[in-house]
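First up is the structure itself, then whatever we jot down about it.
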Amino acid sequence: MLKGNRYILASCFKLFLCSVVDIWPCCKSVIYYVIHQLIFEKEGVYLHTNAKRSNQDTTIPGFIRIVERDGEEGEEETKFDPGYEPDWAVISTVKQERRQEHPPVRETGQWGFSLPLSELYSLRRARFSLGRNFLVMTTRGGDPLPPLHFHRGGTRELLKAMQRYIRLAPSPMDGRLFLAYPHDSGALSQSFDELHLFDDTSADLVSRFIQDPYATTFGGFSKVTNFFRGALRHPESPLGNRSPQDAHFPHSADEEPGFELITCVKLGPRPEVKRGKPLDNWDQFLDPEGRVTDPQKVKKLVFRGGIVPSLRKEVWKFLLGFYPWNTINNFQFQPFLFRSPTDEYFRMKVQWKSVSEEQEMRNSLFRGNRSLIERDVNRTDRHNSFFSGNENPGLALLQDVLMTYCMYNFDLGYVQGMSDLLSPLLFVTQNEVESFWCLTGFMDLVHQNFEESQEAMKQQLLQLSLLLRALDPELCDYLDSQDSGSLCFCFRWLLIWFKREFSFEDILSLWEVLWTRLPCENFHLLMACSILESQKGELIGSNHDFNSILKHINELTMKLDLQSILCGAEAIYLQLTNCKELSVKVQEVLGLRVPSSFSEESPNSEPTETDTLLAQSEARGASSCQPFNGRTPQDVSSL
């Protein structure tokens, strides 16, 4: 049983560790029980606020203390003078026998809060290359305290002092996350939940065991070994006595290195990538009857360098599934090929055109779609000559195609952003019917982005976070420290495939590259990683907070160089795929490993250059060659 009380306090900012944790803003003294003992003290600790720079500083200096106090409930309290006037304070105490009458975290001012050490649930620590370590404490109620930034080091010593009173066990899911347990509790019985021996679903566990029984079995045993090694360590043993293989804590107080993430691997050098020439000779890929003889070579050329503008109208129809790759496309057969989709389009268009005003008044869904479309059409790419002006026929075509799509896909209808996807298609094809069917092919790729549940968008943001953490943990840690780790500022990028981040002409080049689905279906996520890494120096070097990060990302519109971003994304793909120890989750995002829920086998080889990767991608799936049925264009994503 713990004797007395232990607090973590911070004031000006300063932090003390006792039996209760309080942070006091702008106070000259901190209230303690009669008997107290200073255990630990460290200056140079800061709070980083999200206040605008023009109004006030975004950092609040202070110090952190650990104080142990004795005393019984009801004793007269006395004041403890820290010696100077603080900007804010944190006080952490632990009193096992005392009954909690108030919530664990108490606010005492603008920057004031308190937390009993017995209510500490977890600690998360990370470090930036610029020396800004930060520590985040979370209560057992799930409430995180403000991140504490150690500009002068000291987190290692703080954790060593805390381990005199609690046990800090590394989380099996994140090497930088530590869970807090009391030394005198039933640690063994409580902490078996840490092992997650059976955290997989039964189907996934069986699948993994069948594929690799040794790794699955001994992987579970290794968790038991690590658990007992931590549970049986003497409470007073310093963190520095760990074996050299244990990298959870730093080895040098002066160097202050961050904790190593268990799943983090060292990536090899990033190769240099150059863009190729655009596809400029379409006839060489056609046989005498107009069939495309080598669809995969066409896709590789498009991915490497895009398409010259004069060929886009023709090639886009194949990339978006309007024409199957094996279509007989000559002057004699083309009218018959085009007749069925044309008839189908105008059949659907007549359906909504024939709705009377009385019918529309009784159909709120129809009215809602029409209203949204009219509003969005009037503000879509108006700078482009094809859509500029009030009486421009291009606007009428844009509206008609979107209204017809609502008849084609009743379940989805119209969602804001679809007009951004259609306008480049209509601009290139200059044809109402062709642009409609190209839109359906495009929507086959991205329709989940527009679903009301937004599950697909959440999944993509999670996948983007996974890729970025594998590439640049330092940048991820910085974004986490500024409440930007969710990457919500990338939402628009992924929703409409960077439509508003690049110029109209650049979007034509970018989309045709993405439509090839090479070298993987999530290449647009690698594009996002390339953009974020290109802004790393500005984000970290300028010490941006949450508001300024969002502002900076939004101001990147029309300022990005497409070719350099494409080269960066491809280089990232090569760098990741050349890593032999890449995590399973990252492999799944890159398409190198098929999730266990699918029946296909994962590719086993590790490519070393893009052309080899593209060839492997082709081997995993051939393009669809079914005749066009006039209703649902074939999805070009079969790689």
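Under a 3.5 Å cut-off, the side chain of T293 and the backbone N or O of D287 do not form any donor-acceptor pair. For the pair S310 (side chain) and V308 (backbone), a donor-acceptor distance under 3.5 Å is absent. The backbone N or O of N431 lies less than 3.5 Å from a partner atom in the side chain of S435, making a donor-acceptor pair. Under a 3.5 Å cut-off, the side chain of Y478 and the backbone N or O of H544 do form a donor-acceptor pair. Side chain of E512 to main chain of I307: a donor-acceptor pair is present (N/O by atom type, distance under 3.5 Å, no hydrogens or angles).
A salt bridge does not link E434 to R312: none of the charged nitrogens lies less than 4.0 Å from a carboxylate oxygen. Under a 4.0 Å N-O distance rule, the pair D294/K300 does not qualify as a salt bridge.
Around atom NZ of K585, no more than 12 heavy atoms belonging to other residues, nucleotides or ligands sit under 6.0 Å away. When the shell of 6.0 Å around CG of N281 is examined, it contains more than 12 heavy atoms from other residues, nucleotides or ligands. Counting non-hydrogen atoms of other residues, nucleotides and ligands closer than 6.0 Å to CD of Q359 gives a total above 12.
Checked against a 6.0 Å centroid threshold, the rings of W316 and W515 count as neighbours.
Here the shortest heavy-atom pairing between L526 and C520 reads CD1-SG, 4.2 Å.
Interatomic distance, CD1 of I549 versus CD of Q535, reported as 11.5 Å (0.5 Å rounding).
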Checklist entry - Could you walk me through whether K536 and E533 pass the salt bridge (charged side-chain N to carboxylate O under 4.0 Å, His left out) check? => result CA-CA 5 Å; K536 175 182 176 180; E533 283 205 322; over 6 Å; no
